[in-house]
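Working notes, beginning with the structure itself.
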Amino acid sequence: MGAGLALPCDRRGGVSIIQRLRCGDTTMTMRTPERRYNHRENDKKWQERWERDKLYQVRDDDPRPKWYELTMYPYPSGNLHIGHWYAMSPADAHARFRRMQGYNVLHPMGFDAFGLPAENAAIKRGIHPHTWTMDNIENMRRQLRSMGAVYDWDREIICALPEYYRWSQWLFLQLHKAGLAYRAKAPANWCPSCQTVLANEQVVDGKCERCDSPVSRRDLEQWFFRITRYAEELLDFSGLLDWPERIKAMQTNWIGRSVGVEISFDISEYGLEEREIRTFTTRIDTIYGVTFLVMAPEHPLVARLTTPERRAEVDAYIAQARRQTEVERLSTEHEKTGVFIGSYATNRLNGERVPIFIADYVLLTYGTGIVMGVPAHDQRDFDFARRYGLPIRVVIAPAGWKGEELEEAYVEDGIQVSSGPFDGLPSREGKERIADHIQGQGWGGRTVSYRLRDWLISRQRYWGTPIPMVYCDKCGIIPVPEKDLPVLLPEDAQFRPTGESPLKYHPGFLNTSCPQCQGPAQRETDTMDTFVDSSWYLLRYASPHYHQGPFDPATVREWLPVNQYTGGAEHAVMHLLYARFFNKALRDLGLVEFDEPFLRLYNQGTIIAERHKMSKSRGNVVTPDPYVEELGADVVRTYLMFLGPWDQGGEWSDAGINGMARWLNRVWDLTHRDAAALSQRPTDAEATRSLVRITHKTVRKVEEDMERFKFNTALAAMMELTNHMGRAWDEGGVEPVAWGDAIDKLLLLLAPIAPHVTEELWERTGHAYSIHSQSLPTWDGELARDEEITLVVQVNGRVRDRIQVAAGIGEEEAKGLALESQRVQPYLDGKEIRQVIYVRGRLVNVVVG
RNA sequence: GCCGAAGUGGCGGAACGGUAGACGCGACGGUCUCAAAAACCGUUGGGCUUACAAGCCCGUGUGGGUUCGAUUCCCUCCUUCGGCACCA
C-alpha cells in the first residue's frame, strides 16, 4: 500500500468489515485460537456431526408433544441473500427453542420451484428450467446448511418434481369434481407482437417488458378456483389462535364484504328475453335520486340494449376500454367517461325512465356489473352527471339544506326528501324501510357483495404444474383419470424468444387420446399458478415420501395444523388467503379435518440495504456467504436477531456486526475461565447471591422473550448477564458452583440462537453431546427475587429522590421514608400535602398544592 | 382517498400508565504496544449552576386532552413505510 492514500484499508470507522478482512486483517477471529472461537473449524465440525448423527431427524413416532413450526419456503432464485437469513435464522432459533422446551418439532425446508424466472433463463440462456432450478437448489441447499438450521433434509420438498406435482394435479381433480374448479373467459395481458400472455410483472408502463409494444387485454378461456364460495367463511378468523390484526384486516379488506340491496329496473319495453336489469347498491335510501344507469362496457346485455343510431359510438368506446390495461383503467386520476347507449330503464319506485350509459368506471366483476347513478350522493356519479349534463337530484337532505345546488356529492346520512312515501325519515331508517318495501314488491332484496374474485389459476407457461384436463371434440372437457397421473412436463421443450408456452407446440404433449372415447384429443396446455403448490405444501411435509396420495392422513392428523407459521407480510392476501381457502375446500372434500391451516402467524419485517429493499436491479443485494466465511454463522445469526424487533425489519449494515463477534468471543472467554480459581479467594455471599439472582432473572426474561420472537431483548438480557459476570469475576467472591451454573444456563439459553459456538462450549465444559438435545434451564422465582429495590420518590410527578429499601417494604413505611427524605423536604416546605400515592415496589408520589 | 404500522441520543434500538434512553454500534479517554490495529477497562441525550461535592431545567414528530403521574391512553395535524385503490 502506497503512502499517503487513505484507502479503505485505513483505520476508519465506516469501513466495512469485509473490506477490512480483504485487506488481510484477519486478527479479529484468528489471533490466539484458544482464546477465541474458531468458526472455520467448528461450524463445519458440528454441522457434519449433526448430520452424521441425524440429530435433527424428525420422527413421527416420537412420544413428545408435536409442534409444527413452518417458515415459508423460498423460491430457488439461485442465491440465498441476507433477507432469506433474516426470515430463516430467527425462525430456526424459535423452532430450536421449542425443541428445548420438550416438543417434537417439525421445522422443514423445501423449495417453491416452479415459476417464471426459470423459464426466462431458458429463453435467454438456453438452460432448461429443470436444470436451472435444480442447480439453484443445489447451491441454496449448501448455503442453507451453512446457517446450521434444524432442517431435516430427508423431508425436503421440491414442488417442481413429478412426485410432488402429480398430487397437485390430483388435488385439482378433486376440486374439479366438487365443482370448485371451473373454466371461464377472463381477460389476460396480451402482447400482440410476442403473441403471448404476460404476467402483470411483465407489463411495464402498459408495455411488454420484452418488446416494448403496448399491451392490451384479451379474453381467454382459463381455469378458476371458486374461492368466492368461501368468502364468508374466510372472513371468520375465529379458528385462529394468534394472527396479526394487521393481516386479518388486510384479508378482510381484500374480501371486501359489503351489505346492500339488489334492485331491478324495468326494461320490458324492449321486448328482450331479459325483462329487467339488476343493480347492486349499498345506498338504497338514495333510490329516488337515480337519474341514470351505468353498465360495465363488457356487460353482455350492452349489445342488445344499444340502439342502432348509438351503435358506432358504443362500439368505439368498448374497443377503447378494451385496449386499456388494468392499471390505466384503475388509475385514480382517470376521468369519468361513458356513452349513452340509447335505451332507458324504469325505476319502479317512482315510475321514472332513466337513460342507460356504459362507462369504464363500472366493473363487470363487482356486484351485478350495473350501477344506479345517484349523482347527488355519490361522487363518481356526480362527476359523471356533471360531464354529461344529467340531472342531480337531492334525496337525502344535509342538515340545514335549503334546496340549493350541491358543490359535490353529499354522501353522509340525512333526511329523506323527494322520496315519495319515505319523505321525512332519517336516511338510516329509510334504508331499512325502502329495502323492506322492495323485498315486499319482489323487485329485489337484501344481498351481500364481495370484492373478492375467483382465483384464476391458469398460467400460459411451461414451468408449472400441467392442468390435468383433456379436450375432446366429441366428449368435451374431460379430466385426466387419476391412474394416468402425473401429466408430465415434456423434457424436450423448445423455448421461443417470445416467451410463448412450448407446450402449445409440443405434439407429443399436446396430442393424446380422450380418456372417455379413446378418440384423438388435445391436452390442456395451461399450467397452474404456483400459489396452488404453496397452498398444500404444508401437508406434504408431514409425509413427504407418501405414494398413495398427496399426504398420509394419519401423519397429517398427527402434525397438522401448523402450530406456528412465519414469513413475510407480502403474502398477507395472496398465499395466506389461498392456503386458507384450499384447506377449507379439502376439509369439505373430507381430506383434512381442521378448519385453518396455520394456527399462529408471525410476520418478520423486511431487511433493507442502503435505505432500499434489496433487489438485483438496484444492485444492493447482500450475500451472507462472505460474512459467514469471515465471522461464522453464529455471528451472522446473532446479529440479525439483535438488529431490532423481528417484525419491524431493519437495515443491514456492517457497522454493528463486530459487536456480535465481540460478544460471542466474550462468552467464549468467560466459559474458558477456570472456575476453580474462584475458590482461591474468599467467597462473598452477597456477590454469589447477586450472580444467582441475575442468572435466574435472565433465564426468565429470555424464555419470555423467545416465546414472543423478541430475540433482540433476549440477547440484550444475555449480554447483561455476561457484563455482570465480567465484573463479578474481577471483583471476586463468587462461589464456583454459582459461576458454573450461570455459564451452563447462559449456554443453554444461547444455543437456539448460536448453535455452533454453544455446542463447542458445551463439549468443552465437559457436558454430554448435544446441547441441542437438552432442556431449557429453569428459573426459580424465589432466587430471581430482588431483596432490595429502588424506591422512587416524586413530588407532583417529578423524581426528587431514590431510596434503596427492602423489597418487602410496607406502604406506611415507604410513605414515611419518602416524606422524611432530605431531598424531598424542600419541595414540601410550606405546602399542603394533598395526597400521597404509593405504587408497591416502585414509587411514592407526593402531591402538594 | 381508504385501511394498517411506525416516528425516542450521532446510529440500531429498550422501557406492565410509575427512575426515559436497557443492550449494542460509533465517538472520546485509558491499558497493552516502538507505533498502530485488535483486545480489554472507563465515559458518553442537550443545556445550566458550581472550585468540588451536588443539583436544576429541557427533552420520546406537532398541538391539545385525560391522569397524582403519559414514550405508553384519547383527539388534531405533520412525516415515513406497508396494503388497497372508481368495489356502486
Side-chain angles (χ1 to χ4, degrees), chain A residues 10-11 13-14 20 25-32 35-36 244-250 252-254 256-258 260 279-283 286 294 329-334 336 359-363 365-374 378-381 383-384 449-453 569-570 572-573 605-606 608 639 642-645 647-651 653-660 662-663 665-666 669 710 712-720 723 726-727 730 790-799 801-802 823 834-837 839 841-849:
Chain A
D10 221 329
R11 52 173 198 104
R20 223 156 55 216
D25 171 12
T26 52
T27 46
M28 174 139 209
T29 48
M30 295 305 284
R31 220 185 52 137
T32 50
R35 291 281 290 175
R36 341 219 74 228
E245 290 304 321
R246 192 168 52 104
I247 303 294
K248 290 194 251 181
M250 280 161 84
T252 303
N253 292 343
W254 185 264
R257 180 182 202 268
S258 53
T279 66
F280 173 75
T281 180
T282 55
R283 292 295 306 274
T286 66
V294 193
R329 182 166 164 180
L330 295 181
S331 125
T332 319
E333 310 308 317
H334 203 60
K336 304 273 173 301
D360 60 11
Y361 78 88
V362 174
L363 309 171
T365 46
Y366 185 76
T368 62
I370 308 174
V371 166
M372 57 184 222
V374 187
D378 181 288
Q379 193 57 42
R380 294 155 300 180
D381 297 345
D383 296 343
F384 192 78
S449 269
Y450 301 93
R451 204 193 74 105
L452 181 71
R453 301 176 200 173
E570 66 272 20
V573 285
T606 312
I608 58 173
Y639 180 53
F642 186 69
L643 269 181
D647 57 347
Q648 277 172 36
E651 170 144 14
S653 90
D654 291 357
I657 200 168
N658 305 348
M660 295 307 109
R662 272 204 284 266
W663 181 64
N665 278 321
R666 194 172 156 81
D669 177 56
K710 301 283 179 204
N712 58 329
T713 46
L715 279 162
M718 289 186 249
M719 288 173 188
E720 284 188 80
N723 288 348
R727 278 192 304 271
D730 293 344
T790 306
L791 183 73
V792 173
V793 184
Q794 298 181 332
V795 178
N796 287 344
R798 310 189 75 113
V799 178
D801 197 8
R802 299 178 173 93
R823 296 188 206 277
R834 294 192 178 164
Q835 202 183 344
V836 181
I837 286 156
V839 180
R842 287 198 179 271
L843 64 70
V844 175
N845 186 12
V846 185
V847 185
V848 297

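Given the structure is predicted, the values throughout are model-derived calculations rather than measurements. Throughout, protein chains are lettered first and strands after them, A, B, ... in sequence-line order, and every chain is numbered starting at 1.
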So which nucleotide from [options] ends up closest to the side chain of [X]?
| X | options | result |
| --- | --- | --- |
| A/Tyr366 | B/C84, B/U19, B/A88 | B/A88 |
| A/Arg453 | B/C87, B/C41, B/A88 | B/C87 |
| A/Leu363 | B/C3, B/C23, B/C87 | B/C87 |
| A/Pro645 | B/C57, B/G13, B/A88 | B/G13 |
| A/Ala716 | B/G13, B/C84, B/A22 | B/A22 |
| A/Leu643 | B/U19, B/C58, B/G12 | B/G12 |
| A/Val362 | B/G83, B/C3, B/A88 | B/A88 |
| A/Ala655 | B/C87, B/C25, B/U19 | B/C25 |
| A/Arg451 | B/G13, B/A85, B/C23 | B/A85 |
| A/Asp360 | B/U19, B/C86, B/A88 | B/C86 |

Between [M] and [N], how far apart are the [atom1] atoms? Round to whole Å, please.
| N | M | atom1 | answer |
| --- | --- | --- | --- |
| B/G9 | B/C23 | C1' | 14 Å |
| B/A15 | B/G21 | C1' | 9 Å |
| B/G7 | B/G61 | P | 8 Å |
| B/G65 | B/G12 | C1' | 33 Å |
| B/A14 | B/G24 | C1' | 11 Å |
| B/G69 | B/A5 | P | 28 Å |
| B/C25 | B/G13 | C1' | 10 Å |

Side-chain N or O of [X] less than 4.0 angstrom from OP1 or OP2 on [N]?
| X | N | result |
| --- | --- | --- |
| A/Asn712 | B/C23 | no |
| A/Asn658 | B/A38 | no |
| A/Arg842 | B/A15 | no |
| A/Ser258 | B/A88 | yes |
| A/Arg662 | B/C25 | yes |
| A/Asn665 | B/A38 | no |

Across the strands shown, which category fits [X] at heavy-atom distances under 4.0 angstrom: base, sugar-phosphate, nothing?
| X | result |
| --- | --- |
| A/Arg666 | sugar-phosphate |
| A/Trp254 | sugar-phosphate |
| A/Arg798 | sugar-phosphate |
| A/Thr790 | base |
| A/Met372 | nothing |
| A/Val799 | sugar-phosphate |

Under 3.5 Å, is there a donor-acceptor pair between the side chain of A/Asn796 and the main chain of A/Val848? yes
Comparing A/Tyr450 and A/Asp730 on RNA chain B - which has the more 5′ nearest nucleotide: A/Asp730
Please tell me which of A/Gly649 and A/Asn723 maps to the more 5' nucleotide of RNA chain B, matching each residue to the nucleotide holding its nearest heavy atom. A/Gly649
Listed pairs, N/O of protein and of nucleotides 64-73 of chain B, under 3.5 Å:
from: B/C68; atom 1: O2; to: A/Asn845; atom 2: ND2; distance (Å): 2.3

Looking only at heavy atoms, which two atoms of [X] and [Y] are closest? And how far apart?
| X | Y | value |
| --- | --- | --- |
| A/Tyr639 | A/Gly656 | CE1-C, 3.5 Å |
| A/Val374 | A/Asp381 | N-OD2, 2.9 Å |
| A/Ala716 | A/Phe642 | N-CE1, 4.2 Å |
| A/Asn712 | A/Gly644 | ND2-C, 3.5 Å |
| A/Gly367 | A/Phe280 | CA-CB, 4.2 Å |
| A/Ala569 | A/Met250 | O-CE, 4.5 Å |

Syn/anti label of B/G9 as read from its glycosidic torsion, with the cut at 90° from 0: syn
[atom1] of [X] versus [atom2] of [N]: gap in Å, rounded?
| X | N | atom1 | atom2 | answer |
| --- | --- | --- | --- | --- |
| A/Arg246 | B/A6 | CZ | P | 9 Å |
| A/Met250 | B/G82 | CE | P | 11 Å |
| A/Arg380 | B/C2 | CZ | C1' | 13 Å |
| A/Asp647 | B/G4 | CG | P | 18 Å |
| A/Glu720 | B/G21 | CD | P | 13 Å |
| A/Gln648 | B/G13 | CD | C1' | 9 Å |
| A/Ile657 | B/C23 | CD1 | C1' | 17 Å |
| A/Asp381 | B/A88 | CG | C1' | 7 Å |

How long is the straight-line distance from OG1 of A/Thr365 back to CZ of A/Arg451, given to the nearest 0.5 Å? 9.5 Å
Gap separating the OG1 atom of A/Thr606 from the CG atom of A/Asp647, nearest 0.5 angstrom: 11.0 Å
Please assess A/Leu715 against A/Trp663 for the test side chain to side chain contact (heavy atoms under 4.5 Å, CB included), listing each intermediate value before the final yes or no. CA-CA 10 Å; A/Leu715 279 162; A/Trp663 181 64; 3.7 Å; yes
Take A/Thr286 and A/Met372, measure what side chain to side chain contact (heavy atoms under 4.5 Å, CB included) needs, and give me the verdict at the end. CA-CA 10 Å; A/Thr286 66; A/Met372 57 184 222; 3.8 Å; yes
Dot-bracket for RNA chain B, please, read 5' to 3', with Watson-Crick or G-U wobble pairs under 3.5 Å on both distances, ( ) within the strand, [ ] crossing, | other strand, . unpaired. (((((((..(((.....[....)))((((((.......))))))(((((....)))))..(.(((..]....))).))))))))....
Do A/Ile370 and A/Thr279 pass the side chain to side chain contact (heavy atoms under 4.5 Å, CB included) test, and can you show the C-alpha distance, the side-chain angles, and the key distance before you say yes or no? CA-CA 5 Å; A/Ile370 308 174; A/Thr279 66; 3.6 Å; yes
Under the side chain to side chain contact (heavy atoms under 4.5 Å, CB included) criterion, do A/Lys336 and A/Val294 qualify, and how do the steps go? CA-CA 11 Å; A/Lys336 304 273 173 301; A/Val294 193; over 6 Å; no
